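Predicted, not measured: the structure shown is a model, and the values here were computed from it.
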Amino acid sequence: APRPELVLSLGVGGALAASLAPGDLVLALRVVKHDTRCGGALMRPGELWLSDPHRDKRDPGFDAPAAALAFVRGALRGGRMVFREGTLLSGDEFVTAERKAALADCDGGGALMVDMEAAGIVQAATRHSLPWAALRTTADRLRPGAGGAEEDYLVAKARAAESAAAVVRRVWDGMGHQRRGGTSRDGL
């Protein structure tokens, strides 16, 4: 059976960095399941923490595969797309504006964004030894303005759809050019 060449996870997320504005694109270097690291209980995604005597030593994060990152970076830069790179926190629960501040120090600090889907997707890809990349468009700022997160989301909604379409086109074109050129993509 054919195997996917790349699992590309696209979506929206909430900013954890004050420098991100609605519509900004973030490429995840690392995805961390924040419910397990920053929510009080520490467990590896997909494992029951109660049954793991080493739960306090587990890393609930996934580092993006180097070859997949290099490929996606090249595709984005080739399309002159502006993006930031950093840690993406991901969990099973919606993170309110009030809770975002508490997540700022999660996983050593410096996380750029939080979402609800990436951890599950990259866990599945990793479990099946598939290369992956996760990109998110900023849906709302760390500290929304007077209109709140809803206003930010309305601004970001159209840009998120445009960004996702542009990313898919760039990645697809990149894969097609490599395939037609007959070059090898070891690790991707």
Side-chain angles (χ1 to χ4, degrees), residues 1-17 19-20 23-38 42-47 54 57-91 103-138 160 163-188:
R3 289 181 54 82
E5 296 178 46
L6 175 68
V7 175
L8 183 61
S9 174
L10 302 171
V12 296
L16 293 177
S19 60
L20 289 175
D24 288 353
L25 188 63
V26 172
L27 173 61
L29 300 176
R30 177 171 167 79
V31 175
V32 176
K33 181 95 168 92
H34 72 75
D35 293 344
T36 60
R37 173 58 57 101
C38 308
L42 182 61
M43 66 181 178
R44 181 99 178 133
E47 293 179 350
H54 306 289
K57 296 177 179 83
R58 300 274 187 209
D59 178 5
F62 296 89
D63 294 323
L69 275 176
F71 176 75
V72 172
R73 275 186 195 120
L76 296 174
R77 289 177 180 147
R80 295 189 179 98
M81 296 185 72
V82 176
F83 62 98
R84 302 251 322 257
E85 296 183 359
T87 298
L88 170 64
L89 303 182
S90 185
L103 289 175
D105 294 327
C106 182
D107 200 52
L112 294 179
M113 188 173 282
V114 62
D115 86 337
M116 295 178 65
E117 302 83 23
I121 294 166
V122 303
Q123 177 185 354
T126 300
R127 184 170 284 168
H128 293 283
S129 301
L130 297 171
W132 59 267
L135 292 107
R136 294 293 180 268
T137 301
T138 306
S163 290
V167 167
V168 169
R169 274 193 302 274
R170 293 299 312 157
V171 168
W172 184 261
D173 288 349
M175 288 178 153
H177 291 302
Q178 287 186 354
R179 216 175 2 262
R180 281 192 295 274
T183 59
S184 170
R185 286 176 297 177
D186 293 330
L188 180 61

J.: Quick one: does any side-chain atom of Ser90 pair with a main-chain N or O of Ala119 as donor and acceptor, under 3.5 Å?
T.: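 Side chain of Ser90 to backbone of Ala119, a donor-acceptor pair under 3.5 Å: yes, one is there.
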J.: State the CG-CG distance between Leu112 and Leu89, to the nearest 0.5 angstrom.
T.: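 So the CG of Leu112 and the CG of Leu89 are separated by 9.0 Å.
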J.: Is the shortest side-chain heavy-atom distance between Pro4 and His128 below 4.5 Å?
T.: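 Contact flag for Pro4/His128 side chains = no.
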J.: Check side-chain hydrogen bond (donor to acceptor under 3.5 Å, both in side chains) between Thr138 and all other residues, then give those that pass, not counting sequence neighbours.
T.: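 By the side-chain hydrogen bond (donor to acceptor under 3.5 Å, both in side chains) rule, Thr138 matches no residue at all.
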J.: Any side-chain heavy atom of Trp132 sitting closer than 4.5 Å to one from Ser9?
T.: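 Contact flag for Trp132/Ser9 side chains = no.
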J.: Could you work out, with side-chain hydrogen bond (donor to acceptor under 3.5 Å, both in side chains) as the rule, every residue matching Ser19, not counting sequence neighbours?
T.: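 Here the qualifying residues are Arg84.
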J.: Grab the two heavy atoms, one from Ser163 and one from Leu25, that are nearest each other, plus how far apart they are.
T.: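 For Ser163 versus Leu25, the nearest heavy atoms are CB-CD1, 4.4 Å.
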J.: Can you give me the closest heavy-atom contact between Val31 and Ala134, atom names plus distance?
T.: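 Scanning both residues, the minimum pair turns out to be CG2-CB, 4.4 Å.
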J.: CG of Leu8 to CG of Leu135: how many Å apart, nearest 0.5 Å?
T.: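 Rounded to the nearest 0.5 Å, the CG-CG separation comes out at 6.0 Å.
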J.: Would you indicate whether the side-chain heavy atoms of Val32 and Leu88 approach each other to under 4.5 Å?
T.: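 When only atoms from C-beta onward are counted, Val32 and Leu88 do not touch, as no gap falls below 4.5 Å.
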J.: Please say which of Thr126, Leu130, Val122 ends up in a side chain to side chain contact (heavy atoms under 4.5 Å, CB included) with Val7.
T.: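 Filter result, single survivor: Leu130.
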J.: Closer than 3.5 angstrom, by distance alone: can the side chain of Arg136 be matched with the main-chain N or O of Asp24 as a donor-acceptor pair?
T.: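 Answer holds: no.
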J.: How far does CG of Asp63 sit from CZ of Arg30, to the nearest 0.5 angstrom?
T.: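 Answer for the CG-CZ pair, Asp63 versus Arg30, is 5.0 Å.
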J.: Ignoring hydrogens and angles, write down the donor-acceptor pairs under 3.5 Å from the side chains of residues 68-83, residues two or more places apart or on other chains.
T.:
unit_1 : atom_1 : unit_2 : atom_2 : d
Arg73  : NE     : Glu85  : OE1    : 3.4
Arg73  : NE     : Glu85  : OE2    : 2.5
Arg73  : NH2    : Glu85  : OE1    : 3.1

J.: Taking all heavy atoms of Ala15 and all of Leu20, pick out the closest pair and write down the distance.
T.: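 What the structure gives for the nearest pair is CB-CB, 3.8 Å.
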